[in-house]
Q: 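Take a look at this one; I'll ask things after.
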Number of protein chains: 2
Amino acid sequence: MTTDQTPPDTGTKPLRADARRNRARLLEVAEAVFTERGTGASTEEIAREAKVGIATVFRHFPTKEALWEAVLVRRLQRLAEEGRRLMTESGPAHAFFAFFDLVLDQSPVKNAFAAALADAGVDVRAATSEAGRALREVLVALLDGAQRAGVVRRDLEVPELTAILVGTCRMLEHLDGHPESAKRARAVVRDGMRAHPGSRGGRGRPHS
Amino acid sequence: MTTDQTPPDTGTKPLRADARRNRARLLEVAEAVFTERGTGASTEEIAREAKVGIATVFRHFPTKEALWEAVLVRRLQRLAEEGRRLMTESGPAHAFFAFFDLVLDQSPVKNAFAAALADAGVDVRAATSEAGRALREVLVALLDGAQRAGVVRRDLEVPELTAILVGTCRMLEHLDGHPESAKRARAVVRDGMRAHPGSRGGRGRPHS
DNA sequence: GACGATACGGATAGGCCACTCCGTTTGTCC
DNA sequence: GGACAAACGGAGTGGCCTATCCGTATCGTC
C-alpha cells in the first residue's frame, strides 16, 4: 500500500500530505474510470469522481496521457509483482498457468488491462517501458520454467505470449455475462499453449 | 429505423447516379479510414478522402454512428458470403479452419474488424443484428460440420467462437510486424480449438 | 496561533468535431 | 436544350473536452 510508486529517486521533493492522498485517490479512480469507460473518458469525470477540482488532476499529471501512463505503469508493476510471487509460491509447472488465470481473472471487466499490456509491448514512454521490461522478465521466467517442466509447448516465446494474454482478455471481455462460454474460450487458449501430450518434450506440434 | 442501407430492396426510391457513386465511395473510404485510425477518426477526414463535402456524408448517413454501422454491416455480409463459399468449395473438415485463417488474414491491419464482430455479437442495431444473424448461421454450419468431421473439439460453441475470432484478431494486430510470433499465436488458438487427438470424439477435454 | 509555502477549486480560454443551412451545381426526363 | 428536382459543397453553430489562471484554503513549522 505505501509504495510511492513514482520512482522514489529523481530528487523529488516530499509531497504534502493532502497532495499525496489526492494523487493516490486519483490513480485509483482513474484506473476504475478508464477501465469502465475506456480511454475516451473525460478528465472532468475522473476529477469529479475523485472529489477534486480539474486543476488538481492536471497539477499532478501534466497531461491526460500522462495520467493514463501512470495508471498503466501501476498495473504493470502489480502484475510483475504477482508473477514473482506465484513463481516462488508454486512450482514452475503450475506458476505459468496460475499467472495466466490470474491475469484473466484480474480484469474481468473491460479492456483497460489489455490496452496496458498492448502498450507495454509496443514500448510507449520511458516509464512505461521500464515497468514493461520488469514484467517481461517475469514472463520470461514463467515461460521458461513451464517449458522446462514440459507443460507448455516449446515453440512459444514471450512476444506472442503477451499478445495471447491481450487477445484472451478481449475474448473474455466479449463474453462477459456468459461464464460457460468464457470458461470454454479460456480452455481453448490454455490447451493451445499446453505441450501436446503426444509429442513428449519435442517441438510444439507436428505440423503447421 | 427503416435503414436504407446497401441492399436495393425496401422500396427505397432509386438513387441518382452520382449519389449512388458517392455513397459507395464513402463506404469504401470510411471502412479504410475507420480501420486505420479507429472509430475516433473525424467525419471530415472521411469526407475529404472521399472527395465530397461533409454535408454529403451526413445526407447519406444521418449520423456518424450510422455510417459506422453501415460499414459494419457490409463487413459482416461479406464475411458470411465468404463463409458460405468456403463451405461449398471445401469439405467441412477444411472449411472451418480455412474460414478461421481467412478472417485473420483479411484484417491484418487494425481493430476495426474485431470491433465489427464484437458489436455483432452483442447485437447493436436492427440492421447490424440482421447481418450478424446471417453470419452467425454460417458460423453454426461451419462449426457443426467441423465437429462432425471430428477436427474440432466438441465442447466448442458459437458464442465463444465469435469471441475467439475477435480476440485472435487482437492478438495478431498486436503482433503486427512480427510474422513469426503471429504465426505461433495463431497456431496456439488453432490447436486449442482442434479436437484433442487422444480423446477421440468424446467431450472436449478431460478437465477444467 | 500565526506565517510562509504548498496545494486546491472553479471559471474560462481555445480547439476539435458532429451536425445544419442555404446558395449553387448536376442529373434526368421531356 | 430546357426545366425541375435531386444532390452537392462548405461556411457556420453549438457542445464537449483538455488545459490554464488566479484567488482561496490548507499544511507544516515555530
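Values below: every heavy atom of this structure, side chains too, minus hydrogens, waters and symmetry copies. Small disclaimer: the values here were computed from a predicted structure and weren't measured. Letters go in sequence order (proteins before strands), and every chain restarts at 1.
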Q: Just wondering, do B/Met171 and A/Thr168 contact through their side chains at under 4.5 Å, heavy atoms?
A: yes
Q: Taking for each residue the nucleotide of DNA chain C with the nearest heavy atom, is it A/Pro14 or B/Ser42 whose nucleotide lies nearer the 5' end?
A: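 Residue closer to the 5' terminus by nearest nucleotide: A/Pro14.
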Q: Please classify the nucleic acid contact of B/Val57 as base, sugar-phosphate, or nothing, using heavy-atom distances under 4.0 Å.
A: nothing
Q: Between A/Glu31 and A/Arg75, is there a donor-acceptor pair closer than 3.5 Å when you use the side chain of the first and the backbone of the second?
A: no
Q: Expressed in angstrom and rounded to an integer, what is the separation of A/Leu26 atom CG from C/dA7 atom C1'?
A: 13 Å
Q: Which one of A/Lys183, A/His178, A/Arg184 satisfies the side chain to side chain donor-acceptor pair (under 3.5 Å) criterion with B/Glu160?
A: A/Arg184
Q: Name the first nucleotide and the last nucleotide along DNA chain D (5' to 3') that come under 4.0 Å of a heavy atom in chain A.
A: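 Nucleotide range in contact with chain A: D/dC17 to D/dG28.
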Q: Look at atom CZ of A/Arg148 and say whether more than 12 heavy atoms of other residues, nucleotides or ligands are closer to it than 6.0 Å.
A: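 Not buried by this count: 12 neighbours or fewer within 6.0 Å.
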Q: Nearest 0.5 Å, what's the CZ-CG distance between B/Phe99 and B/Leu161?
A: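 Going from CZ on B/Phe99 over to CG on B/Leu161, the span is 8.0 Å.
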Q: Specify the residues of residues 43-51 of chain B, ordered by number, for which at least one heavy atom lies under 4.0 angstrom from an atom of DNA chain D.
A: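 The answer is B/Lys51.
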Q: Under the salt bridge (Lys or Arg N to Asp or Glu O under 4.0 Å) test, which residues partner B/Arg25, sequence neighbours left out?
A: none
Q: In whole Å, what is the span from the NZ atom of B/Lys64 to the P atom of C/dC16?
A: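 Atom-to-atom, B/Lys64 to C/dC16, this comes out as 15 Å.
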Q: Looking at residues at least two apart in the chain, or sitting in another chain, which of them share a side-chain contact (heavy atoms from CB on, under 4.5 Å) with B/Asp18?
A: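 For B/Asp18 the side-chain contact (heavy atoms from CB on, under 4.5 Å) partners, ignoring immediate neighbours, are B/Arg16, B/Arg21.
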Q: With salt bridge (Lys or Arg N to Asp or Glu O under 4.0 Å) as the rule and sequence neighbours excluded, what pairs involving residues 82-103 of chain B come up?
A: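 Salt bridge (Lys or Arg N to Asp or Glu O under 4.0 Å) check on residues 82-103 of chain B returns B/Glu82-B/Arg85, B/Arg85-B/Glu89, B/Asp101-B/Arg186, B/Asp101-B/Arg190.
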Q: Between B/Ile54 (CD1) and C/dT20 (C1'), how many Å, whole number?
A: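 Atom-to-atom, B/Ile54 to C/dT20, this comes out as 11 Å.
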Q: To 10°, what angle do the rotation axes through the five end pairs on each side of the helix from C/dG1-D/dC30 to C/dC30-D/dG1 form?
A: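 One end's axis against the other's: 30°.
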Q: Tell me which of B/Gly53 and A/Thr63 sits closer to the 5' end of DNA chain D, going by the nucleotide each one is nearest to.
A: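 Its nucleotide being nearer the 5' end, the pick is B/Gly53.
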Q: Look at the side-chain N and O atoms of A/Thr56 and state whether any lies under 4.0 Å from the OP1 or OP2 oxygen of C/dG9.
A: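 The answer is yes; a side-chain N or O of A/Thr56 sits under 4.0 Å from OP1 or OP2.
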Q: Could you tell me the separation between the CD atom of B/Glu69 and the P atom of C/dA18, rounded to a whole number of Å?
A: 16 Å
Q: Send over the distance from B/His60 NE2 to C/dC19 C1', rounded to a whole Å.
A: 16 Å
Q: Any base atoms under 4.0 Å from B/Ala66, or only sugar-phosphate, or nothing? Heavy atoms, all strands.
A: nothing
Q: Distance check: side-chain N/O of A/Asn22 vs OP1/OP2 of C/dC8, anything under 4.0 Å?
A: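 True: A/Asn22 side-chain N/O within range (under 4.0 Å) of C/dC8 OP1/OP2.
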Q: Under the salt bridge (Lys or Arg N to Asp or Glu O under 4.0 Å) test, which residues partner B/Arg133, sequence neighbours left out?
A: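 For B/Arg133 the salt bridge (Lys or Arg N to Asp or Glu O under 4.0 Å) partners, ignoring immediate neighbours, are B/Glu130.
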Q: Just one of A/Arg153, A/Arg194, A/His196 clears the side chain to side chain donor-acceptor pair (under 3.5 Å) bar with B/Asp191, so which one?
A: A/Arg153
Q: Along nucleotides 22-30 of chain C, 5' to 3', which nucleotides get a B, which get an S, and which get a -, given that the test is a protein heavy-atom distance under 4.0 Å?
A: ----BSS--
Q: Please enumerate all residues that pass side-chain contact (heavy atoms from CB on, under 4.5 Å) together with B/Ala24, with sequence neighbours excluded.
A: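 For B/Ala24 there are no side-chain contact (heavy atoms from CB on, under 4.5 Å) partners, ignoring immediate neighbours.
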Q: Identify, with sequence neighbours excluded, every residue that meets side-chain hydrogen bond (donor to acceptor under 3.5 Å, both in side chains) alongside A/Glu45.
A: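 Listed in chain order: A/Arg37.
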Q: Check salt bridge (Lys or Arg N to Asp or Glu O under 4.0 Å) between B/Glu28 and all other residues, then give those that pass, not counting sequence neighbours.
A: B/Arg74
Q: Compile the donor-acceptor pairs under 3.5 Å between side chains in residues 56-64 of chain A and protein atoms, sequence neighbours left out, one pair per line.
A:
from    : atom 1 : to      : atom 2 : distance (Å)
A/Lys64 : NZ     : A/Thr39 : O      : 3.0
A/Lys64 : NZ     : A/Ala41 : O      : 2.9

